Amino acid sequence: MSLLTRASKVNNLKTLQNPPSSNSPFLLPDPVTITNLLLKSNNPESLAQCINTVSPWTPGLVQAILKRLWNHGPKALQFFKLVEDHPSYSHSAIAFDHAIDIAARIRDYKAMWTLVCKMRSMRLGPSPKTFAIMMERYVSAGKADKAVKIFMSMHEYGCQQDLYSFNALLDVLCKSKRAEMAYGQFKVFRGRFRADVVSYNIIANGFCLKKQTPRALEVMKEMIERGVEPTLTTYNILLKGYFRAGQINEGWEFFLQMKKRKLEIDVVTYTTVIHGFGVTGEVEKSRKVFDEMIGAGVLPSVATYTALIQVLCKKDCVENAIIVFEDMLMKGYVPNATTYNVIIRGLCHAEKIDMAIEYMDKMKDDCEPTIQTFNVVIRYCCEDGKIEKALEIFDKMNGGSCLPNLDTYNILIGSMFVRKKSDDLLVAGKLLIEMVGRGFVPRRLTFNRVLNGLMLTGNQGFAQEILRLQSTCGSLPRHFRL
DNA sequence: CTAGGGTTAG
């Protein structure tokens with residue numbers, strides 16, 4: 001029985017008879033179905049067969065599948081390599097960028113550079129965007145120097161260094177809390193790349209992220225001295241910086257100054273203040289500012305509502321948060337995944353897990369549940385002792401909108417020790433094997449806990465298998481995040 | 001994927 005006919009029996013796939021250029025039935029190009037088939041294909045032959053079953057392959061389809069395989073790097077790269085042999089398809093620059101991102105994420109830098117070379121030989125890049133991706137990955141792997149180095153060598157790959165890519169470098173450094181390093185680069189190259197208001201804003205935000213508001217203020221002074229006029233974005237960055245650093249009074253004063261100077265306060269400004277006050281417990285002030293913005297004729301956004309809802313969840317009660325949620329629906333807003341995640345987290349926190357799961361179902365009408373949705377619900381199920389329920393939700397992720405990530409595995413494996421059941425440890429071992437197969441590198445602690453557990457429950461054979469697995473990825477960095 | 005607001009636990 002062919003892969004397709006077997007699969008169509010199982011999954012009730014839609015098939016077409018007599019397609020234009022083939023005499024076998026082929027799949028309608030639906031990314032969800034194809035991704036699920038790819039996930040089930042455990043050897044190169046069935047994978048290739050699965051790819052040949054689809055027609056036509058388009059750049060959009062390949063991108064959608066790569067996105068779905070985001071948390072299964074090895075499979076994504078395997079797919080990327082096989083689909084390029086398909087006669088009627090040729091990779092787009094965007095697909096290359098995705099694949100490069102994925103290779104870097106699982107720290108397969110050799111594969112990453114191979115892709116860069118291939119991309120170049122096909123004259124599809126690498127583009128400044130490609131470099132931004134690689135710089136971000138190097139920085140998040142703790143290799144900031146390497147990121148600077150590849151920025152410096154961009155031109156050797158036929159990619160022009162310009163203000164855009166320079167700002168991208170600064171941003172990547174700042175977002176990883178390396179504001180000082182970014183500022184160093186900035187001082188050296190600001191003349192050469194003609195640093196603009198965006199460059200200054202990135203640096204100011206970098207200091208704000210490190211809660212160094214005085215430094216951010218200095219950057220703002222410096223830009224004025226050099227004839228670069230701050231924008232509303234600059235002020236919003238500083239405002240957020242004060243709240244983030246816990247300088248509530250300074251934040252409020254800064255907000256008053258902004259109004260006094262007749263800056264056109266926008267929805268971002270208000271949202272910053274609503275959130276800033278709320279998280280310190282000043283719920284009434286939050287609500288007041290919310291009313292004030294409406295009075296001032298500034299329309300709240302979904303983010304504004306989400307901020308207020310989160311504040312109520314954390315500092316008031318989830319019931320009041322739901323009232324605001326309903327109010328936002330009535331006004332015609334469509335909540336997005338962040339809004340739902342905030343409500344779902346609030347419900348979980350109030351130990352209303354069944355209701356949280358109801359909201360997760362309701363969410364599907366407006367947007368897809370995200371990895372955060374699953375992780376929150378799974379985490380609280382586990383904490384509540386509902387481990388079967390957690391595993392049931394976990395199972396639904398394969399074939400759903402997103403695959404489990406490192407956090408998901410850590411949460412589940414961690415909860416396999418609480419019941420002191422031998423079977424749970426077998427599940428933990430199975431999860432460990434699965435996560436390694438998907439390109440994640442478990443911490444040494446995780447390995448040790450599972451190994452000890454298996455030994456204690458008399459599963460020496462399985463423990464040996466896990467030990468062999470550990471040795472295959474022992475040389476890799478121990479901490480692998482996002 | 002050149003800048004600002006809303007998701008992460010103890």
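Every value quoted in this text rests on a predicted model; they were computed, and no experiment measured them. No hydrogens, no waters, no symmetry mates; every other heavy atom, side chains included, goes into these values.
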Original post:
If you measure from the P atom in B:dC1 to the same atom in B:dG5, how many Å do you get, rounded?
Top reply: 13 Å
Original post:
If only side-chain N and O atoms of A:His275 are considered, is one of them under 4.0 Å from the OP1 or OP2 phosphate oxygen of B:dG5?
Top reply: no
**OP:** Can you tell me the distance, in whole Å, between the CG atom of A:Asp407 and the P atom of B:dG10?
**Re:** 15 Å
Subject >> Touch class at under 4.0 angstrom, heavy-atom based, for A:Asp101 against every strand present >> reply: base
Subject >> Given B:dT2, B:dA9, B:dT7, the nucleotide with the shortest approach to the side chain of A:Arg379 >> reply: B:dA9
Original post:
B:dG5 base to A:Thr271 side chain: any donor-acceptor pair below 3.5 Å?
Top reply: yes
**OP:** Just call it for A:Thr231: base, sugar-phosphate, or nothing, with non-hydrogen atoms closer than 4.0 Å on any strand.
**Re:** base
Original post:
When all nucleic acid strands are considered with a 4.0 Å heavy-atom cut-off, which category describes A:Ile274: base, sugar-phosphate, or nothing?
Top reply: nothing
Original post:
Looking for any heavy atom pair under 4.0 Å, which part of the strands does A:Ser301 touch: base, sugar-phosphate only, or nothing?
Top reply: base
Original post:
Touch check for A:Asn375, heavy atoms < 4.0 angstrom, all strands: base, sugar-phosphate only, or nothing?
Top reply: nothing
Original post:
Which part of the nucleic acid, if any, lies within contact of A:Asp266, taking any heavy atom under 4.0 Å across all strands shown: a base, the sugar-phosphate backbone alone, or nothing?
Top reply: base
Original post:
When the distance from OH of A:Tyr164 to P of B:dT2 is rounded to whole Å, what number comes out?
Top reply: 8 Å
**OP:** Looking at every strand, decide which applies to A:Val273 at a 4.0 Å heavy-atom threshold: base, sugar-phosphate, or nothing.
**Re:** nothing
Original post:
Is any NZ, NE, NH1 or NH2 atom of the basic residue among A:Glu136 and A:Arg105 found under 4.0 Å from an Asp or Glu carboxylate oxygen of the other?
Top reply: no
Original post:
How many Å lie between NE2 on A:His349 and C1' on B:dG10, as a whole number?
Top reply: 11 Å
Original post:
Just checking A:Val376: base, sugar-phosphate only, or nothing, at a heavy-atom cut-off of under 4.0 Å?
Top reply: nothing
Original post:
Nearest to the side chain of A:Thr304 - B:dG5, B:dC1, B:dT7?
Top reply: B:dG5
**OP:** Send over the distance from A:Tyr359 OH to B:dT7 P, rounded to a whole Å.
**Re:** 19 Å
**OP:** Take atom NZ of A:Lys314 and atom P of B:dA9, then tell me their distance rounded to the nearest Å.
**Re:** 6 Å
Original post:
Looking at B:dC1, B:dT7, B:dG6, which one has an atom nearest to any side-chain atom of A:Ala132?
Top reply: B:dC1
**OP:** Check every atom of B:dA3, B:dA9, B:dT7 against the side chain of A:Tyr380 and return the nucleotide holding the closest atom.
**Re:** B:dA9
Original post:
Which whole-number value in Å describes the distance from A:Asn201 CG to B:dA3 P?
Top reply: 10 Å
Original post:
CG of A:Leu299 versus C1' of B:dG5: gap in Å, rounded?
Top reply: 15 Å
Original post:
When all nucleic acid strands are considered with a 4.0 Å heavy-atom cut-off, which category describes A:Thr373: base, sugar-phosphate, or nothing?
Top reply: nothing
Subject >> Any side-chain donor near an acceptor of the partner, A:Asn205 and A:Asp171, under 3.5 Å >> reply: no
Original post:
Is it true that A:Glu392 and A:Lys389 have a side-chain N and a carboxylate O under 4.0 angstrom from each other?
Top reply: yes
Original post:
Would the number of heavy atoms belonging to other residues, nucleotides or ligands and lying under 6.0 Å from OH of A:Tyr164 be above 12?
Top reply: no
Original post:
Salt bridge or not for A:Glu222 and A:Arg215, using N-O below 4.0 Å?
Top reply: no
**OP:** With heavy atoms under 4.0 Å as the rule, sort A:Ile133 into base, sugar-phosphate or nothing.
**Re:** base
Subject >> Distance, rounded to the nearest Å, where A:Ile237 contributes CD1 and B:dT2 contributes P >> reply: 16 Å
Original post:
Is A:Glu292 paired with A:Lys259 through a side-chain N to carboxylate O contact shorter than 4.0 Å?
Top reply: yes
Original post:
What heavy-atom pair brings A:Pro300 and A:Tyr333 nearest, and what distance separates the two atoms?
Top reply: O-OH, 2.6 Å
Original post:
Looking at the side chain of A:Ile202, which of B:dT8, B:dA3, B:dG5 is the nearest nucleotide?
Top reply: B:dA3
**OP:** With C1' as the reference atom in both, quote the distance from B:dT2 to B:dG6 in angstrom, rounded to an integer.
**Re:** 22 Å
**OP:** Respond yes when some side-chain nitrogen or oxygen of A:Gln310 is under 4.0 Å from OP1 or OP2 of B:dG5, and no when none is.
**Re:** no
**OP:** Name the nucleic acid region contacted by A:Thr338, choosing base, sugar-phosphate or nothing; use a 4.0 angstrom heavy-atom cut-off, strictly under.
**Re:** base
**OP:** Output the single nucleotide from B:dA3, B:dG6, B:dT2 whose closest atom is nearest the side chain of A:Ala168.
**Re:** B:dT2
